[in-house]
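This is the structure, below, for whatever I ask next.
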Amino acid sequence: MTPAKLADAVLSAVVSVFTARGLDTSVLPENTTVERPRNPAHGDYASTLVLQVAKRAGVAPRELAGWVAERLREEPGIADVEVAGPGFLNIRLQAAAAGELARTIVTAGRAYGRSDRHAKQRVNLEFVSANPTGPIHIGGARWAAVGDALVRLLRAVGADVTAEYYVNDAGSQVDRFAASLLAAARGEPVPEDGYKGQYIEDVAQAVLKARPDALSSPDPQAIFRAEGLRLMLEEIETSLADFGVHFDVFFSESDLHRRGELQAALDRLRAEGHVYEADGAVWLRTTDFGDDRDRVLVRSNGSWTYFAADCAYYLDKRQRGFDRVVLLLGADHHGYVGRLRAMAACFGDDPDQTLEVRIGQFVNLLRDGEPVRSSKRAGTIITLEDLVEAIGVDAARYALARYSLDSPIDLDIDLWTRTTNDNPVYYVQYAHARIASLLRNAAELGVDREPFNPALLDHPRESDLLKALGEFPEVVQTAAELREPHRIARYLEELAGTYHRFYDACRILPRGDEATTDLHRARLWLVEASRIVLASGLELLGVSAPDRM
RNA sequence: GCGCCCGUAGCUCAGUGGAUAGAGCAGCUGCCUUCUAAGCAGACGGUCGUAGGUUCGAACCCUACCGGGCGCACCA
């Protein structure tokens with residue numbers, strides 16, 4: 001029996017008690033969940049549903065709990081139900097019902113934990129979107145790891161997701177980039193406000209190689225601009241691909257300009273009545289929808305603001321049919337949230353429904369416990385590629401995805417490069433490799449899984465493992481809905497620990513010339529189920545599940 | 001000054017109103033003649049920043065304060 005099915009059984013027991021006693025069923029929720037108590041004395045699962053509804057139903061919680069317990073005990077698969085404390089329901093499953101979960105998981109395979117709950121949702125998830133004026137730095141690496149995991153998670157719950165990268169190829173920073181390349185190609189010092197670093201030199205040379213005529217053309221900077229952007233973007237795509245991150249769309253800001261979408265967005269906002277002119281500039285009255293101050297769309301010199309492009313971009317996404325626009329931004333952009341939400345409202349949308357801005361804290365790099373300064377302009381960036389080279393793709397992705405977005409990450413380079421066994425990802429991967437090895441041995445010994453008697457899985461470590469495996473679907477769903485992939489990593493660490501403890505306490509394969517028993521076979525189901533969930537969870541994070549370590 | 005985020009074990013961090021608050025790492029004590037010891041067991045370690053409030057119940061929700069990070073352009 002899965003926790004979800006048990007929760008359904010609890011709810012229907014409550015409904016039937018309410019109906020039988022003439023209580024007001026409208027105070028009941030549409031669905032409920034069961035918890036896994038830490039204390040084994042509190043049963044395999046516990047429900048707090050009675051506590052939540054008793055007061056509004058006008059019944060004493062303990063009395064209501066008693067009625068529900070009586071009804072629940074008749075449910076097949078349930079061994080016992082106790083009323084505890086103020087009205088907790090502590091439920092114990094029959095070993096056979098609990099053990100059946102192993103069959104459920106093995107039968108479902110990779111589909112276990114996945115659902116179509118959000119199948120009707122079309123989501124556009126934009127992340128990284130680093131300026132194409134340099135390589136992806138360590139901060140961008142975090143959004144790449146988290147964003148890609150989120151894409152996988154949302155797809156796991158059935159959402160139709162487009163992973164998108166916004167290429168800021170139209171602003172003045174691109175001019176500075178082009179000017180820096182040109183200067184480097186001419187052997188001149190880069191401009192004061194230009195970009196520094198070896199990569200500028202490299203890209204400049206690459207441009208010259210592709211376009212030997214660049215310096216003698218009528219507008220050299222235009223060539224360095226176009227070619228430089230192309231090369232830089234290529235490099236960014238390559239390092240992301242090496243990191244296992246793929247985007248469905250690289251969306252160019254200059255395309256928005258070229259297609260006149262900024263003007264179209266402005267017209268639309270004007271028609272909605274939120275645009276006015278003052279001091280020679282064109283403003284959007286975002287204060288109508290909670291922003292601190294109104295925002296300029298067209299400067300008094302006639303040029304578009306970056307924000308105007310944001311408006312056009314949002315409108316473009318909506319017109320492409322996305323009903324949910326999700327942005328992953330760094331903490332330095334949190335000041336944008338208010339204006340972005342207000343902008344969506346100015347278009348007539350309800351930002352609570354259509355726009356979601358997730359703010360992530362930065363990655364601080366430490367070397368010997370000292371912060372490492374990372375500045376793109378000064379050329380002292382630590383890039384995604386540096387990180388991968390130092391600690392590998394698996395460790396890097398895992399390290400960047402295992403923390404809450406709200407939490408800044410202190411990544412000590414020396415620690416991560418020096419010690420590999422301190423790394424939690426190995427703990428999880430090792431559990432998978434251990435299982436793979438064991439399954440190879442089982443195959444060699446000719447141990448089969450049939451027949452399966454789930455009632456034999458009644459050892460405490462076996463029950464713990466079954467319970468941990470049973471949590472996976474809800475963890476996936478919660479992680480997807482809250483946009484918090486780190487929950488998957490934390491879950492996997494817990495599952496790996498539970499497996500290691502099971503492995504330590506329970507012999508799985510027959511030793512020496514022992515005969516194969518039904519217990520060996522039953523445990524093999526449990527082991528295979530564990531492998532499936534570990535591999536499935538690691539896949540959601542984009543981390544490999546090795547068969548050997 | 002205003003806004004957002006954070007404050008939980010020595011360190012790094014989990015914990016979307018439930019029971020005795022957890023994990024990893026560091027440090028201590030044990031466990032490999034047969035399934036991977038990159039593992040396991042045990043002990044140690046806490047006024048959940050402070051003070052109030054909300055309720056059957058608060059690390060979690062509300063208010064104030066303290067401390068830290070990051071933002072507050074006709075820059076991008």
Side-chain angles (χ1 to χ4, degrees), chain A residues 35 37-39 41-42 46-48 51-52 54-55 61-62 84-88 90 131 133 168 170-174 176 253 278-283 292-293 295-307 309 330-338 359-362 364 369 402-412 415 419-431 433-442 444-445 447 478 481-482 484 486-487 489-491 493-494 496-497 499-512 514 520 523-524 527 548-549:
Chain A
E35 297 170 12
R38 285 234 163 254
N39 187 339
H42 295 150
S47 168
T48 59
L51 285 168
Q52 290 160 32
K55 192 171 188 179
R62 276 200 68 101
F88 292 103
N90 293 339
N131 285 344
T133 53
N168 293 116
S172 61
Q173 82 283 4
V174 183
R176 292 207 310 268
E253 180 188 358
D279 307 325
V282 179
W283 298 72
D292 305 336
R293 44 172 300 152
R295 306 291 169 176
V296 171
L297 295 170
V298 185
R299 299 186 189 95
S300 49
N301 70 8
S303 64
W304 295 100
T305 61
Y306 184 87
F307 180 62
D332 55 337
H333 285 71
H334 79 249
Y336 289 20
V337 178
I359 299 298
Q361 301 299 310
F362 283 133
N364 298 310
R402 87 180 275 264
Y403 301 95
S404 156
L405 274 181
D406 287 337
S407 173
I409 300 179
D410 287 321
L411 207 58
D412 190 314
L415 181 83
T419 69
T420 49
N421 49 346
D422 288 350
N423 187 339
V425 71
Y426 289 117
Y427 184 76
V428 176
Q429 288 183 315
Y430 180 61
R434 239 185 177 185
I435 291 174
S437 164
L438 193 146
L439 293 176
R440 283 193 297 272
N441 294 340
E444 199 165 321
L445 289 172
V447 181
T478 306
E481 286 171 357
L482 297 178
E484 294 184 346
H486 76 276
R487 288 170 185 274
R490 302 297 173 150
Y491 166 78
E493 288 167 33
E494 190 196 325
Y499 178 79
H500 286 313
R501 285 186 285 277
F502 155 76
Y503 176 90
D504 193 62
C506 300
R507 176 77 199 190
I508 295 136
L509 297 176
R511 330 169 176 246
E514 259 180 18
H520 294 131
R523 284 180 173 164
L524 220 39
V527 168
R548 295 172 206 273
M549 285 176 76

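The figures that follow rest on heavy atoms only: side chains count, while hydrogens, waters and symmetry mates do not. Just so we're on the same page: letters track the sequence lines, and every chain starts at 1.
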Donor-acceptor pair present, A:Ser407 side chain and B:rC6 base, under 3.5 Å: no
Stems for RNA chain B (at least 3 consecutive Watson-Crick or G-U pairs, under 3.5 Å) come to B:1-7 with B:66-72, B:10-13 with B:22-25, B:28-31 with B:39-42, B:49-53 with B:61-65
Considering only heavy side-chain atoms of A:Tyr427, the closest of B:rC35, B:rG39, B:rA19 is B:rG39
Check whether any side-chain nitrogen or oxygen of A:His486 sits under 4.0 Å from OP1 or OP2 of B:rG15, and answer yes or no.
yes
message: Suppose we call two aromatic rings close when their centres sit under 6.0 Å apart. Are A:Tyr430 and A:Tyr427 close by that rule?
response: no
For the side chain of A:Asp504 and the base of B:rA37, is some donor closer than 3.5 Å to an acceptor across the two? no
Base orientation of B:rC25, chi within 90° of 0 counted as syn, else anti, reads anti
Rounded to whole Å, OH of A:Tyr499 lies from P of B:rG39 at a distance of 14 Å
Can you see if the side chain of A:Ser437 gets near the phosphate of B:rU36 - specifically, an N or O under 4.0 Å from OP1 or OP2? yes
Establish, for the pair A:Arg434 and A:Tyr503, whether the NZ or CZ atom is under 6.0 angstrom from the six-membered ring centre and no further than 45 degrees off its axis.
yes
- Query: Do the side-chain N or O atoms of A:Asn441 get closer than 4.0 angstrom to the phosphate oxygens (OP1, OP2) of B:rU36?
  - Reply: yes
Rounded to whole Å, the CZ-P distance (A:Phe502 to B:rA37) equals 14 Å
Under 4.0 Å from OP1 or OP2 of B:rA23: is there any side-chain N or O of A:Arg490 that close? no
Side-chain N,O (A:Arg548) to OP1/OP2 (B:rA38) below 4.0 Å = no
query = Can a side chain N or O of A:Arg402 be found less than 4.0 Å away from OP1 or OP2 on B:rA23?
reply = no
Close N/O contacts between protein and nucleotides 55-58 of chain B (under 3.5 Å):
residue: B:rC56; atom: OP1; partner: A:Lys55; partner atom: NZ; Å: 2.3

Residue pair A:Gly497/A:Arg434 against RNA chain B: nearer the 5' end by closest nucleotide is A:Arg434
Check your understanding: Within the pair A:Arg511 and B:rU33, is there a side-chain N or O less than 4.0 Å away from OP1 or OP2?
Key -> no
Worksheet item: Are any of the side-chain heavy atoms of A:Thr48 and A:Glu35 separated by less than 4.5 Å?
Response: yes
Walking RNA chain B from its 5' end, the first of A:Ile508 and A:Asn39 to be reached, judged by nearest nucleotide, is A:Asn39
Among B:rG22, B:rA19, B:rC74, the one nearest any side-chain atom of A:Arg293 is B:rC74
